[in-house]
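Beneath this line is the structure, given in structure tokens, with notes to follow.
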Amino acid sequence: MKVTLVGAGPGGKGLLTLRGLEMLQTADVVLHDRFVSEDILDLISDFAEKIDVGKYAGNHHVPQDEINNLLLEKARQGKNIVRLKGGDPFVFGRGGEELELLAENDIPFEVVPGVTSAIAAATYAGIPVTHRGCASSFHVITAHAKNNEALDIDFDALVKLNGTLVFLMGVAVINDICDRCIAAGMDKDIPAAIVENAAANSQRKFLGTLAALPEIAHANNVQSPAVIIIGKVCEFSERYDWFSKKPLHSKRIIVSRIIPGSSKLPDSLREQGFDVIELPCLRIAPLISPGCVLGMRLESIKGYSWLVFTSGAGVNIFFDYLIESGIDIRELSGLKIACVGVETEREVKKRGIAADYIPTEYHGAALATGLTGLVRKGEKVFIARAKDGDTDLTHILAEAGVLFDDVPVYEKVGNIKNISVDAVNAVIKNDFDIAAFTSPSGVKGFAEIAAHLDFGKIKALCIGEKTAAEARAYGMEVYVSKEATVKSMVDAVNCCQIS
Ligand code: SAH
């Protein structure tokens, strides 16, 4: 039984600490803030209870004392609890208050520091918070004023320090901050910056003099969360900018995909600078109930000569089923194995199998054509794949007179309820530059949500010809990757004309 306050860092999972990750993966309960990013929430174990305490209940956050009580109550049930907070838990995060009740009641706790936005915002804007000969200290200040009262900050003292000033929670009072710095004697032409959504690919940064910054922020409609940085060090921002210089920085891409599935594509696109919005339209539902087709066909597995897989999910569900049903793996001995696609091959390898046949092109037709030359007369093929899979595979085999059974091991079902409101809104409002698809069903799932959009104006990045054909059928402007790999998709993205 323990409560751990974990700092989630300013945004994506890359800036979460290893200790934080360990705590997240072993927690029974996770209480998180509203702005903790989706990719961090995805790291939480499926078995943990997730409670969003940042949710608005009739326009109010869950009140602080309710959060404190909840922590105590769950701890008393003997659970391991993680309280996940943005940035660092103690930097304007009320972390101390959350420990108070626990300390009073002798509940063990730990605090895992996080990368605070106060520093990350500067770093991701190319601003070194200290610099030799320029700033030998930096000061982090909250600009949050109680009940809209005037800011209770000693600006005279701050200005005398001659260091870098970093204001959090300052968007609404930026005029006040800058005016009062100037009134306290700071040079009005000193460089300043405001960094919105720091460390995310949607980050925006604006530079200006101290006097001009408020106007610039208003003109660009800068919203919270943002950090205001004032000081000479801001003059390095352009020169040391390593982040927003990426050519695809802050271009928005929707990735319509199936879960569980390879999450490599979103991460690889993020590396390129894309602001990735994941749209998990479909989820995989194993067809492994009592009396299922898979179970029935496995009873006569000795009657087959070839076992065929067309997806990583198919491989995993098939082998997990064998284990769960107590079927000895040696029942498969003598079977030749064929598979198609990089992910399928990887999952087959993980099971200790070197496939007998893998076509060089990653589609069902190539697999079928190859198999027709390999399967001998009288031999039978067991195809373990999705229900209603690609018909090219079965047509080609049937036409060549190859005997086979098409065994559905899973189906793809709608997952709309689990898609975040922000993701759905980005689609509905057409607030994206490209949509990426890794399967024809991903195209369909997207099209359902985007039904009212003009598909002719949508740039669709597709993993292979089948997916491309589906996108073309909707009239989308299609870009196809040369190979069915994430790397090839990332290469193809550079062909899309994004303005
Ligand atoms: N504990 C947090 C700060 C909480 S106060 C931390 O250490 O970062 C909330 C303020 O933090 C916001 O108003 C904003 O000023 C800043 N902030 C948090 N995340 C941010 C982000 N990704 N980009 C810019 N500012 C951020």
Side-chain angles (χ1 to χ4, degrees), residues 4-17 19-20 31-41 53-54 56 61-62 64 67 82-99 111-127 129 138-146 148 151 153 164-178 192-207 213-214 216-217 220-230 234 237 241 243-244 249-250 270 273 275-276 422:
T4 312
L5 299 192
V6 174
K13 64 184 175 191
L15 295 181
L16 178 71
T17 63
R19 181 67 177 159
L31 277 73
H32 63 88
D33 286 348
R34 184 152 172 260
F35 288 116
V36 171
S37 73
E38 290 281 327
D39 67 345
I40 290 186
L41 296 180
V53 291
Y56 287 95
H61 296 280
V62 175
Q64 189 63 51
I67 297 176
V82 162
R83 170 71 176 108
L84 188 59
K85 301 171 80 71
D88 180 88
F90 283 163
V91 177
F92 308 130
R94 307 186 76 167
E97 288 168 60
E98 293 184 6
L99 296 183
V111 184
V112 181
V115 175
T116 176
S117 61
I119 294 177
T123 307
Y124 274 71
I127 300 170
V129 282
F138 66 95
H139 312 274
V140 182
I141 307 124
T142 170
H144 181 72
K146 272 191 204 142
N148 290 334
L151 291 177
I153 299 171
T164 306
L165 302 184
V166 182
F167 289 90
L168 269 56
M169 292 181 267
V171 177
V173 286
I174 186 168
N175 291 58
D176 221 13
I177 293 172
C178 295
I194 184 158
V195 190
E196 177 193 79
N197 278 334
N201 281 347
S202 54
Q203 169 178 309
R204 295 194 302 159
K205 108 179 151 179
F206 299 98
L207 301 168
L213 194 68
I216 295 170
N220 289 287
N221 192 24
V222 173
Q223 300 287 329
S224 179
V227 168
I228 297 163
I229 305 161
I230 301 170
C234 293
S237 183
D241 189 342
F243 184 60
S244 52
H249 174 74
S250 92
R270 282 191 186 103
D275 177 16
V276 177
D422 289 346

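If you're wondering where the values come from, they're calculated on a predicted model, not measured in any experiment. Order of listing sets the numbers, starting from 1, for every ligand and every atom in it.
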Just by distance, with hydrogens left out, do Ser244 and Lys205 show a side-chain donor and acceptor under 3.5 Å apart? no
Atoms of ligand 1, numbered as shown, that sit under 4.0 Å from any heavy atom of Phe92: 4 (C), 5 (S)
Just let me know how Val171 lines up against ligand 1, side chain, backbone, both or neither, with a heavy-atom cut-off below 4.0 Å. neither
Roughly how far, to the nearest 0.5 Å, is CD1 of Ile174 from CD1 of Ile194? 4.0 Å
Atom 6 (C) of ligand 1: which of Gly87, Ala199, Ala172 has the nearest heavy atom? Gly87
Atoms of ligand 1 under 4.0 Å from any heavy atom of Thr116, numbered from 1 in the order shown, are 6 (C), 7 (O), 8 (O)
Proximity flag Ala226 to ligand 1, non-hydrogen atoms under 4.0 Å: yes
Drop me the distance from Phe167's CZ to Asp176's CG, to the nearest 0.5 angstrom. 10.0 Å
Does ligand 1 have any atom that is closer than 4.0 Å to a heavy atom of Gly86? yes
Shortest reach to atom 9 (C) of ligand 1 by a heavy atom, considering only Met169, Gln203, Glu196, Arg204: Met169
Test your reading of the model: is there a side-chain donor-acceptor pair from Arg270 to the backbone of Gly12, 3.5 Å cut-off? no
Counting from 1, what ligand 1 atoms have a heavy atom of Val195 closer than 4.0 Å? 24 (C)
For ligand 1, indicate whether the residue Thr142 contacts it via side chain, backbone, both or neither (heavy-atom separation under 4.0 Å). neither
Considering only the protein, which heavy-atom contact is closest to atom 17 (N) of ligand 1, and what is its distance? Ser117 OG, 3.2 Å
Show which atoms of ligand 1 fall inside a sub-4.0 Å distance from at least one heavy-atom site of Val91. 1 (N), 2 (C), 3 (C), 4 (C), 7 (O)
Element-labelled atoms of ligand 1 that are located less than 4.0 Å from some non-hydrogen atom of Leu168: 3 (C), 11 (O), 15 (O), 16 (C)
Which of the ligand 1 atoms, numbered from 1, are nearer than 4.0 Å to a heavy atom of Ala198: 21 (C), 22 (N), 23 (N), 24 (C)
